[in-house]
Structures are given as C-alpha cells and as structure tokens.
J.: 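Can you keep this structure in mind? I'll have questions shortly.
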Amino acid sequence: MTMTQDLIEAVKDEVIGWRRYFHKYPELSFQEEKTAQFVYETLQTFGDLEISRPTKTSVMARLIGQQPGKVIALRADMDALPIEEENDFDFVSQNSGVMHACGHDGHTAMLLGAAKILTQLKDQIKGEVRFLFQHAEELPPGGAQELVKAGVLDGVDMIIGTHLISALPVGKIGLSSGPMMAGADTFKITVVGKGGHASQPDLTIDPIAIGTQIVTNLQHIVSRYRDAQETLVISVTQFHAGSAINVIPSRVTIGGSVRSFNPELREKVPAFIERIVKGITEAHGATYEFDYQFGYAPTINDEEVTRLMDETVCEVFGEESREIIKPIMGSEDFSAYQKVVPGSYIQIGAGSEEKGIIYPHHHPKFTVDEQALQYGVKLFVHGTFKILNLTY
Ligand code: NI
C-alpha cells in the first residue's frame, strides 16, 4: 500500500504535465494523430509493455505478468470537441476551434500515470493489464466499436472506464450498478407535400401543418406507448422548412434524439415513430421518408465489477468518497465494450466551487480540478490489484 502511494506521489506532477500537453494540443475524433503518437512514445519510456496501434489513432499497451491470471482492461478516451475555448490559463488550446471540453485530456493522462506505476509493479502482477487509449468517443459510430472489432478485448475478463465529472466535487467517486448512461439514437423524418402560394392552401399539401402534428404526436409515444416504469426521452431538435414568407413549401425535415435504457423498448421506438408519421402523412395526402440510426447503446454497469470497484473506493479513499449516483441521460461508447465483457464505468469528481471549476461538460470554459487526476490514477491502480486479486 505505502509503496504504491509513493509511486503515485512520484508520478503526480508528470500526470498534470501530460494533461496540460493534451489540453494545449487537442484533436478531433478520428484525427487524434499527434495525441496517439505522444501516448505511444511515452508508453515506450516505461519499458516492459507490448505496445501496438489497433487503429490509426488509438494505442494499446499490454502489461503481461509473470504468472497466469485474469486479464483486466483499463480504458481512456483521447478526443476533443469542435468548440472554441474561452479559458485563459497558459495551456489553453493552441488549435483554433478545437478544445478538450469533456476532460478526455485528463483521462489520457490518468491512464498513462496508471500504466507507469503498474509497469513498475510488474513483479506483483498475475495475469495481464491491458491499457486502451481509445480514439473518437465523441463522434458516433465511435472508436470503441472499432477497437472491439480489432480484437482488443480478446481474452479480457473485465473492463474499467472512468470519466472526470465537473458536477461532482474532487474527492468524490461516483458509482452506479446497472443502468448508468442512456442509449442515444437519432431520427430524421421528411414530410413530402406539395408547395404553392400562401393564399391558396387548398391547392397545396402543406407539410408544415402536417409536420407540426407529427411533432406533437411523437410525445404520445412517451406518455402512452411506454411502460411508465421505463425511462424514455424523445426530443425533436430540428424542424426545417420554407424560405419565402408567402410560399407554402413542399418539404419539411424533422430531426430528433431518442434516449432510453431498456434494450427492448429501444428496439421498438423506430416502429412507434414510423407508425405515427405514416398515419398522419397518409391522412393528409402527403408522403414521407424516414431514417432511424441507432447510436451508442446504453451503458449498463456490471454488478460484480461495480461491487469490486466499490470496495476499492471504500478501502483506498474511505466511505465518505463513495457516491452512489443516479443514471444520466447522456451516452458513452464505453457500452460497446460492455456488450462483450463485464465492465464498470465510474465517475471521478473533478469540480471545485472554490476554484471556480463549475462549468458543465462541453462548455467553452470547461476545465477540471487537476487534484482529481490522482484519484483517477489511484482508482485504476488499486482497482487493477483488486480485480486481479492480488495483495498489495
Ligand atoms: Ni466525455
């Protein structure tokens, strides 16, 4: 325990330095070339790791212990967002219009820190630790499913992912067993009517009048088609039509987002929507086009892995650090790993009212309290030992 503590203390400043480097040079999803190269080269300096590039902008490192045992995977995402940063610290983004506004800079730095420490503790490792530096979490279809296809989970028993969260204060670790983050799907509807002069609606098939009925009726799915115990959100977020004030247009496009936890309900939603679209357009003599895309699946935390991590949190940080959190309606491609192996996705508190670190994720002033980074490193290291069932 104390030895691990010393190693964590020794790597603390380096982790902050890495985070600042990533923050300064953010890269968008699927374009994380310099980030991946930096990670690759840094991992090389640790020695004793088998390092590879499963895809163009991702990195995997394997730490293989002396004796056989379980295989644990630890995951960090590395991509930034298309946001113009409004912070003014000295490591502010140098890439105009691109910003680490979700904390993935910190995730990458924490996992590097954990890799450095665990490499130094290699003699004590039974089994294998696999470090996954994933690209493209922010942009569906996402990097996780590409890594799964590339075989990074072959032989893996369990996976742990963490996310820095500014809404949770530093020192708190958010755990949740079962549903953790929602599945996120999207739809696009085009109502095809017949355009004409605003003064002669009888000669048109007005897609705006029809489209607005579709928008209201979609909420009928939430209020009347769904089991009241199940969570479902349907949000219409786009409604595009028309150009001139005196013209009834011929088409309307409607777009929206659907969030849910229950896989069976999730599967049914496209048919529910299409039934409403078909019925309303038919009733008024219009036609339609309908496209539905399944995005990230719900993130469902495995009970056993979460229990082991819960124990780890209580042992390492004390019970006061442990926060049982409610599921959130955001989504995450960590779910792609959880389809293959049991895993737990854990929140690391990174906010601080005192320091003004209060902005939500994806905000131009978002940042994390760097004190949070050592919590993440510690959780990765101790969680690994807990799961590989070692003494420390
Ligand atoms: Ni994120």
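In each ligand, atom 1 is the first atom listed, and ligand 1 is the first ligand listed. All values below come from the heavy atoms of this structure, side chains included, with hydrogens, waters and symmetry mates left out.
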J.: Looking only at the side chains, is there a donor atom on one of His23 and Glu85 sitting less than 3.5 Å from an acceptor on the other?
T.: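 Yes, Glu85 and His23 have a side-chain donor paired with an acceptor closer than 3.5 Å.
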J.: Report the relative orientation of the aromatic rings in Tyr21 and Phe38; use parallel for angles under 30°, tilted for 30 to 60°, perpendicular for over 60°.
T.: parallel
J.: Does any non-hydrogen side-chain atom of Leu153 lie less than 4.5 Å from one of Leu132?
T.: yes
J.: Using 30° and 60° as the class limits, which term best fits the ring planes of Phe272 and Tyr225: parallel, tilted or perpendicular?
T.: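 Judged by the thresholds at 30° and 60°, the geometry between Phe272 and Tyr225 is perpendicular.
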J.: Give every protein N, O or S atom lying under 2.8 Å from the Ni ion (ligand 1), naming each by residue and atom.
T.: Cys102 SG, His104 NE2, His163 NE2
J.: Using only heavy-atom distances, determine whether the side chains of Ser257 and Arg259 contain a donor-acceptor pair under 3.5 Å.
T.: yes
J.: Using 30° and 60° as the class boundaries, would you call the ring planes of Phe294 and Tyr292 parallel, tilted or perpendicular?
T.: perpendicular
